[in-house]
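Lettering of chains follows the sequences in order, A, B, ..., and the numbering in each one begins at 1.
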2 protein chains.
Amino acid sequence: MKLTEPEWLIMNTLWDKHPAKARDVVERLPSSVNWAYTTVKTMLDRLVEKKAVSKSKRGNTGLYEPRLSRRQARRTALRMVLDRAFDGAFGPMMYFLVEDESLSAGERKELIKILSGKSRSKGEQK
Amino acid sequence: MKLTEPEWLIMNTLWDKHPAKARDVVERLPSSVNWAYTTVKTMLDRLVEKKAVSKSKRGNTGLYEPRLSRRQARRTALRMVLDRAFDGAFGPMMYFLVEDESLSAGERKELIKILSGKSRSKGEQK
DNA sequence: ATAATTCTACTACGTTTGTAGCATACTTCA
DNA sequence: TGAAGTATGCTACAAACGTAGTAGAATTAT
């Protein structure tokens, strides 16, 4: 499931804390974002339609909850870049990342540790 | 400069070989893509408008050339994911990548080599 | 109970995307 | 030199996005 930019913002607040009322989402949106309540409402409803979010009701008030996991969304986003921008080649993308981004020595070390630690072969997890 | 999905396809053929005529692009598009000549033309022109591609003419025929570098496009795409999906935190994204993707032992080793090789501290490059 | 507030449902509307047709002008080959 | 093919510029148009208003229902506070 592909998310658009504003949808990411909404989902992020939802992942951080849920269930949430539309009002909650509005309030927890990054301060740089100044959407009208109705805008957020519309987007929430569209996300429900897309099945990225589920909606229940307590009394008259709608409660929204992520249905799409953050992990899955991240996976989709990365795979998209991987496919479009690196023709699906994982190695080159990783190479690009460590080459292009300026990693601190600490970050590099951290990564090496992660990589070394994962000696066991991991099964697919879809 | 953000590229849309079909734009990536066009740009990819352009990066692979350029300058190219509209016809060339049509032909080099992945076989799964079956766009009409005019569709490609429209997209090329929109890319020109966006300044992602430059256009010159030899006689009556337009020659297109990437103006946006592949590297820059990749950077933008990755930064977008980084910002939206990982709140700009590079480490966690890398962690996610090595955690989530099932790397082969070889790939891991390769990465470790890359990482270890880059011991010199690299200056910022924005 | 009633006024004020808050939600919800529904609608709106300009822009961008995705995809392509048409008419016209140019090129080329028989 | 005219027919066939190709390129170009312009137009079209539906779906998705991004953003928000309005009206009426429900809740709350006085």
Check your understanding: Going 5' to 3' on DNA chain C, which nucleotide is the first and which the last to come under 4.0 Å of a heavy atom in chain B?
Key -> C/dT17 to C/dC26
Review point. Residues in side chain to side chain donor-acceptor pair (under 3.5 Å) with A/Glu27, at least two apart?
Key: none
Study note, to complete from the structure: Whole-Å distance, A/Leu44 CG to D/dT19 P, equals 14 Å
Review point. Residues two or more places apart in sequence or in another chain: which of them pass side chain to side chain donor-acceptor pair (under 3.5 Å) with B/Asp87?
Key: none
Exercise for review: State which residues pass salt bridge (charged side-chain N to carboxylate O under 4.0 Å, His left out) with A/Lys55; sequence neighbours excluded, sorted by chain then number.
Suggested key: A/Asp45
Practice item. By nearest nucleotide on DNA chain C, pick out whichever of A/Asp45 and B/Lys50 is the more 5' one. Key: A/Asp45
**Study point:** Sub-4.5 Å side-chain heavy-atom contact between B/Met94 and A/Leu97
**Key:** yes
Check your understanding: Can you list the residues that meet the side chain to side chain donor-acceptor pair (under 3.5 Å) rule with A/Ser69, with sequence neighbours excluded?
Key -> none
Review point. Taking side chain as C-beta onward, heavy atoms only, is A/Val81 less than 4.5 Å from B/Met80?
Key: no
Check your understanding: Should the heavy atoms of other residues, nucleotides or ligands under 6.0 Å from NZ of B/Lys57 be counted, would the total exceed 12?
Key -> yes
**Study point:** Sub-4.5 Å side-chain heavy-atom contact between A/Thr13 and A/Lys17
**Key:** no
Practice item. Would you mind listing every salt bridge (Lys or Arg N to Asp or Glu O under 4.0 Å) that reaches into residues 1-15 of chain B, with sequence neighbours excluded? Key: A/Arg84-B/Glu5, B/Glu7-B/Lys50
Check your understanding: Which residue pairs pass the ring-ring contact (aromatic ring centres under 6.0 Å, His included) test with at least one member in residues 69-89 of chain A, sequence neighbours excluded?
Key -> A/Phe86-A/Phe96
Check your understanding: Going by heavy atoms closer than 4.0 Å, what residues in residues 1-23 of chain A are next to DNA chain C?
Key -> A/Arg23
Review point. Who else is in B/Val26's hydrophobic cluster (ILVMFWY, side-chain heavy atoms under 4.5 Å, direct or via others)?
Key: B/Met1, B/Leu3, B/Trp8, B/Leu9, B/Ile10, B/Met11, B/Leu14, B/Trp15, B/Val25, B/Leu29, B/Val33, B/Trp35, B/Tyr37, B/Val40, B/Met43, B/Leu44, B/Leu47, B/Val48, B/Val53, B/Tyr64, B/Leu68
Practice item. Go through the structure and list residues passing side chain to side chain donor-acceptor pair (under 3.5 Å) with B/Lys109, not counting sequence neighbours. Key: none
Exercise for review: Side-chain contact test, heavy atoms from C-beta onward, threshold under 4.5 Å: evaluate it for A/Met93 versus B/Leu78 and give yes or no.
Suggested key: yes
Check your understanding: Is there a residue in residues 54-65 of chain A whose heavy atoms reach under 4.0 Å of DNA chain C, and which residues are they?
Key -> A/Lys55, A/Lys57, A/Asn60, A/Thr61, A/Gly62
Point to revise | Residues in contact with DNA chain D, drawn from residues 25-42 of chain B - heavy-atom cutoff 4.0 Å | key: B/Tyr37, B/Lys41
